[in-house]
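Residue numbers count from 1 along this sequence. Bear in mind that the values here come from a model prediction, so they are computed numbers and not experimental data.
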Amino acid sequence: MNIQDIKNIFKNTAWLGIGEVVSRLFLLFLFIYAARILGPQGFGIFNFALAIVSLFVIFSNLGISDITTRELAKDKEKIKDYPGILLLRIILSIGAFIVIFIVSFFLTQDEYIRKIIWILGIYVLTHNFLIVVYSFFRARRKMKYEALIRILEAFFTAAIGFFVLIQGPSAINLSYAFLAATLIIAIFFIIFFSIIIKPVWNSWDFNLWKDFLKISWPIGIAYAFGMIYIRIDSVMMGFLGQIT
């Protein structure tokens, strides 16, 4: 390892650290304000819905993001396969949302909470779709772009979130704020990669998908158990009626 490699490691680590800290600070202030404005009941509903969709987001990932970083870093020629990977994540996300939609009818009879689950389901799946975008930049050792995306997404979320909480405070409006901010970023990058590489929608490659899923599923299982460990308590409390 030469001096330049060491410099790149420190530089990219610094960018990732900045992106993580700044984005989390934006969301921290938003959550604190939301908890005060929505109160125990409204904020409890929001967190219950967020916990549910976070459990099922595992079906849209399956470890593909980590494998994408590794494969693109090993062979730069594989960039031509990247739109196919994006399309696979989109298809898996649609499948995961269908599961969320069906399960929501069993977890709650409250139509208002179900709507929030659906909205946050699209939000979380879209947010996790961006992780594949981060994989592209990580493989190219351009972490500053990942940091900027994280900060931009968090900024838009906080800005729209504060606006809706001031104008019309409710759990469902806060959910729309999260969704709107993430969709702006995700749609931009789908268009961006379609222009610079090839159209995402014309990237059907079943052999590529099979190869990626074959090597990514162990990581996906590990991720699934981790998410269950973190979120299952909130889901159980909400299911038992302990929303507040």
Undergrad: Between Leu125 and Ala96, what is the shortest heavy-atom contact and its length?
TA: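 Scanning both residues completely, I find the closest heavy atoms to be CD2-CB, 3.7 Å.
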
Undergrad: Under a 4.5 Å side-chain heavy-atom rule over Ile, Leu, Val, Met, Phe, Trp and Tyr, are Phe31 and Leu179 clustered together?
TA: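 Yes, one cluster joins them.
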
Undergrad: Step by step, work out the side-chain contact (heavy atoms from CB on, under 4.5 Å) result for Arg150 and Tyr134.
TA: CA-CA 9 Å; Arg150 286 181 179 273; Tyr134 303 154; 3.5 Å; yes

Undergrad: Could you tell me whether the side chain of Asn173 and the main chain of Val164 form a donor-acceptor pair under 3.5 Å?
TA: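 Not confirmed, Asn173 side chain does not pair with Val164 backbone.
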
Undergrad: Measuring from atom CH2 of Trp118 to atom CZ of Phe97, what distance do you get when rounded to the nearest 0.5 angstrom?
TA: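 Atom-to-atom, Trp118:CH2 and Phe97:CZ are 8.0 Å apart.
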
Undergrad: Which distance, rounded to the nearest 0.5 Å, do you find between the CG of Leu152 and the OG1 of Thr157?
TA: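 Leu152 atom CG to Thr157 atom OG1 measures 10.5 Å (nearest 0.5 Å).
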
Undergrad: Enter the distance from Ile117:CD1 to Ile100:CD1 here, rounded to the nearest 0.5 Å.
TA: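 Ile117 atom CD1 to Ile100 atom CD1 measures 9.0 Å (nearest 0.5 Å).
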
Undergrad: Are Leu183 and Val53 connected in the hydrophobic side-chain network, where two residues link if heavy atoms are under 4.5 Å apart?
TA: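 Yes, one cluster joins them.
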
Undergrad: Please name the pair of heavy atoms, one in Pro169 and one in Ile37, separated by the smallest distance, quoted to 0.1 Å.
TA: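 Reported closest heavy-atom pair: CB-CG2, 3.3 Å.
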
Undergrad: Knowing that exactly one of Val124, Thr126, Ile122, Ile187 qualifies, which makes a side chain to side chain contact (heavy atoms under 4.5 Å, CB included) with Thr182?
TA: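 With Thr182 as partner, side chain to side chain contact (heavy atoms under 4.5 Å, CB included) holds for just one option, Thr126.
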
Undergrad: At their closest point, which heavy atom of Ala49 faces which heavy atom of Leu120, and how far apart are they?
TA: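 Between these two residues, the closest heavy atoms are CB-CD1, 3.8 Å.
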
Undergrad: Using every non-hydrogen atom in the two residues, find where Ile160 and Ala180 come nearest and quote the distance to one decimal.
TA: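 The answer is CD1-CB, 4.3 Å.
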
Undergrad: Would you indicate whether Tyr176, at its atom OH, is surrounded by more than 12 heavy atoms from other residues, nucleotides or ligands within a distance under 6.0 Å?
TA: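 At most 12 heavy atoms, drawn from other residues, nucleotides or ligands, come within 6.0 Å of this atom.
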
Undergrad: How about OH on Tyr33, more than 12 heavy atoms from neighbouring residues, nucleotides or ligands closer than 6.0 Å, or not?
TA: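 Counting neighbours around OH of Tyr33, more than 12 heavy atoms of other residues, nucleotides or ligands fall under 6.0 Å, so yes.
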
Undergrad: Hey, quick one: are Leu27 and Phe162 part of the same hydrophobic cluster, counting side-chain heavy atoms closer than 4.5 Å, chains of contacts allowed?
TA: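 Both belong to a single hydrophobic cluster.
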
Undergrad: Let me confirm one number: the CZ-CD1 distance from Phe46 to Ile119, rounded to the nearest 0.5 Å.
TA: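 With rounding to 0.5 Å, CZ (Phe46) is 10.0 Å from CD1 (Ile119).
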
Undergrad: Should we say atom OH of Tyr112 is surrounded by more than 12 heavy atoms from elsewhere, each under 6.0 Å from it?
TA: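 Yes, enclosed.
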
Undergrad: Take atom CZ of Phe105 as the centre, draw a 6.0 Å sphere, and report whether it contains more than 12 heavy atoms from other residues, nucleotides or ligands.
TA: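 More than 12 within 6.0 Å, yes.
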
Undergrad: If I take atom CG from residue Leu25 and atom CD from residue Glu20, how far apart are they, to the nearest 0.5 angstrom?
TA: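 Atom-to-atom, Leu25:CG and Glu20:CD are 10.5 Å apart.
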
Undergrad: Minimum heavy-atom separation for Ala171 and Ile116, please, with both atom names.
TA: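 Minimum heavy-atom contact is CB-CD1, 3.7 Å.
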
Undergrad: Does one hydrophobic cluster hold both Phe155 and Ile185, with members joined at side-chain heavy-atom distances below 4.5 Å?
TA: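 Yes.
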
Undergrad: Look up atom CZ in Phe178 and atom CG in Leu50, then write down how far apart they are to the nearest 0.5 Å.
TA: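 These two atoms lie 7.5 Å from each other.
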
